[in-house]
Amino acid sequence: MSVTQVDVLKHVLHLQVRLFACRERLIAGTDTEALHDLRIALRQLRSLLRPLRGLPACDELSEAAAQLGRLSGPVRDLEVLEAHLREVGLNEAADARLARLQASYAGLIKSRQMTKLFTVLDQWPQQWRESGFEDQVQELSKRVNKCLKKDRKRLYSALHELLGDRHRLRLLVKRLRYNIEAYAADTCPDTQIQLKRAQSALGDWHDHYQWLSRAESEVDLQPRIATWRNNMQEAAKRSDEALARLMSDPLFSAWNG
């Protein structure tokens with residue numbers, strides 16, 4: 001895989017435009033997917049920058065994206081819960097969380113982390129141009145390939161050693177999938193499908209796990225406990241099946257040989 005300084009610059013600028021649009025959508029309150037799209041763009045930005053760790057400009061931008069990701073995570077969790085409660089007809093419980101959700105949006109928009117990200121993004125193109133990588137295609141490509149190989153092997157090992165640790169596997173699957181997409185890495189389409197299915201099922205499992213934890217102290221959620229527990233078990237089964245197919249894929253094994 002060949003990667004140039006211009007490739008990285010174009011991708012970051014594209015993500016900057018997307019992040020700006022997501023922020024404006026949050027400010028306007030125009031749709032319910034703005035925060036979700038913002039978090040996806042943050043993850044893609046961090047994935048793009050992971051192979052470039054150690055370069056000051058990249059480390060600063062990656063950390064700014066990580067900080068906003070950590071701040072926005074609980075807001076997204078609340079957003080998903082509020083939408084689910086409304087979907088299943090528990091409008092009173094949903095309404096009880098709506099004001100908190102709207103306040104969280106406002107806090108996120110005005111946060112130091114949001115301001116920091118866009119400040120660093122504005123400064124980044126010039127810093128990247130001055131990094132001296134314009135003629136170092138081989139070095140950039142080496143960094144990217146090494147990072148992807150490490151992430152592949154990390155997931156491959158975890159699939160054999162940590163199959164029951166869905167929290168850890170969820171993070172590793174997300175990391176590998178987004179890193180592959182960040183650099184358009186050559187990957188078997190079936191492997192990409194299985195990664196996507198596993199991420200979806202593990203995400204569903206994670207949502208229900210969180211909701212059940214909340215229900216221990218939030219009384220109005222307790223009528224959903226039995227249903228959520230069943231749904232969580234079904235999601236766990238789907239994720240295990242997707243991960244098992246990934247483990248048994250000879251191409252995936254060869255990929256990590």
request  = Start with the C-alpha distance between Leu155 and Leu169, add both sets of side-chain angles, then the distance that settles side-chain contact (heavy atoms from CB on, under 4.5 Å), and finish with yes or no.
outcome  = CA-CA 7 Å; Leu155 176 58; Leu169 287 169; 4.3 Å; yes

Side chain of [X], backbone of [Y]: donor and acceptor closer than 3.5 Å?
X: Ser62; Y: Cys58; result: no
X: Asp37; Y: Cys22; result: no
X: Ser200; Y: Arg197; result: no

request  = For the pair His208 and Asp204, evaluate side chain to side chain donor-acceptor pair (under 3.5 Å) and give the outcome as yes or no after the intermediate values.
outcome  = CA-CA 6 Å; His208 286 84; Asp204 193 20; 3.2 Å; yes

Atom pair [atom1]/[atom2] of [X] and [Y] - distance to nearest 0.5 Å:
X: Trp124; Y: Leu117; atom1: CH2; atom2: CG; value: 13.0 Å
X: Ile109; Y: Ser72; atom1: CD1; atom2: OG; value: 12.0 Å
X: Arg166; Y: Leu243; atom1: CZ; atom2: CG; value: 9.0 Å
X: Leu35; Y: Glu79; atom1: CG; atom2: CD; value: 5.0 Å
X: Lys110; Y: Ile27; atom1: NZ; atom2: CD1; value: 10.0 Å
X: Arg43; Y: Asn179; atom1: CZ; atom2: CG; value: 8.0 Å

Contact summary for [X] and [Y], nearest pair of heavy atoms:
X: Met114; Y: Leu108; value: CB-O, 3.5 Å
X: Val8; Y: Leu48; value: O-CD2, 4.1 Å
X: Arg50; Y: Cys147; value: NH1-SG, 3.4 Å
X: Arg46; Y: Ala65; value: CG-CB, 3.7 Å
X: Ala215; Y: Ile225; value: CB-CG1, 3.8 Å
X: Lys116; Y: Ala64; value: CG-CB, 4.2 Å

ask   = What pairs meet the salt bridge (Lys or Arg N to Asp or Glu O under 4.0 Å) rule with one or both residues in residues 94-103, with sequence neighbours excluded?
value = Arg86-Asp95, Arg97-Glu218, Arg97-Asp220

Co-membership, hydrophobic cluster, residues [X] and [Y], 4.5 Å side-chain:
X: Leu101; Y: Leu38; answer: yes
X: Leu68; Y: Ile40; answer: no
X: Leu176; Y: Leu159; answer: yes
X: Tyr105; Y: Leu71; answer: yes
X: Tyr156; Y: Tyr178; answer: no

request  = Assess whether side-chain contact (heavy atoms from CB on, under 4.5 Å) is satisfied between Leu61 and Val12, documenting all intermediate values.
outcome  = CA-CA 10 Å; Leu61 181 54; Val12 171; 4.2 Å; yes

query = Which one of Thr30, Thr32, Asp31 satisfies the side chain to side chain donor-acceptor pair (under 3.5 Å) criterion with Arg25?
reply = Asp31

request  = From the options Glu241, Arg245, Arg177, Gln199, select the one residue that forms a side chain to side chain donor-acceptor pair (under 3.5 Å) with Gln194.
outcome  = Arg245

ask   = Between Trp211 and His84, what is the ring plane arrangement, given parallel below 30°, perpendicular above 60°, and tilted in between?
value = parallel

key: Distance under 6.0 Å and angle within 45° of ring axis: Arg23 vs Phe118   = yes

request  = May I have all residue pairs that pass ring-ring contact (aromatic ring centres under 6.0 Å, His included) and include part of residues 20-75, sequence neighbours excluded?
outcome  =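 Matches after skipping sequence neighbours: none remain.
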
key: Residues Leu81, Asp77; criterion side-chain contact (heavy atoms from CB on, under 4.5 Å); working and verdict   = CA-CA 6 Å; Leu81 175 59; Asp77 290 339; over 6 Å; no

query = When you look at Arg70 and Gln113, which way does the side chain to side chain donor-acceptor pair (under 3.5 Å) test go after all the steps?
reply = CA-CA 10 Å; Arg70 287 192 290 269; Gln113 291 88 338; over 6 Å; no

query = Are the aromatic rings of Trp205 and His167 close, with centres under 6.0 Å apart?
reply =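 Here the rings of His167 and Trp205 have centres that are less than 6.0 Å from each other.
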
If we only count heavy atoms from C-beta on, is the [X] to [Y] side-chain gap below 4.5 Å?
X: Leu221; Y: Leu85; result: yes
X: Glu234; Y: Lys237; result: no
X: Glu216; Y: Gln222; result: no

Working for side-chain contact (heavy atoms from CB on, under 4.5 Å), residues Leu45 and Leu19 = CA-CA 10 Å; Leu45 178 59; Leu19 285 163; 4.2 Å; yes

ask   = Taking ILVMFWY side chains as joined if any heavy atoms are under 4.5 angstrom apart, and letting links pass through other members, which residues group with Val219?
value =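 Direct or chained contacts put Val219 with none.
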
key: Pair Arg154 + Asp151, salt bridge at N-O below 4.0 Å   =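 Yes, this pair counts.
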
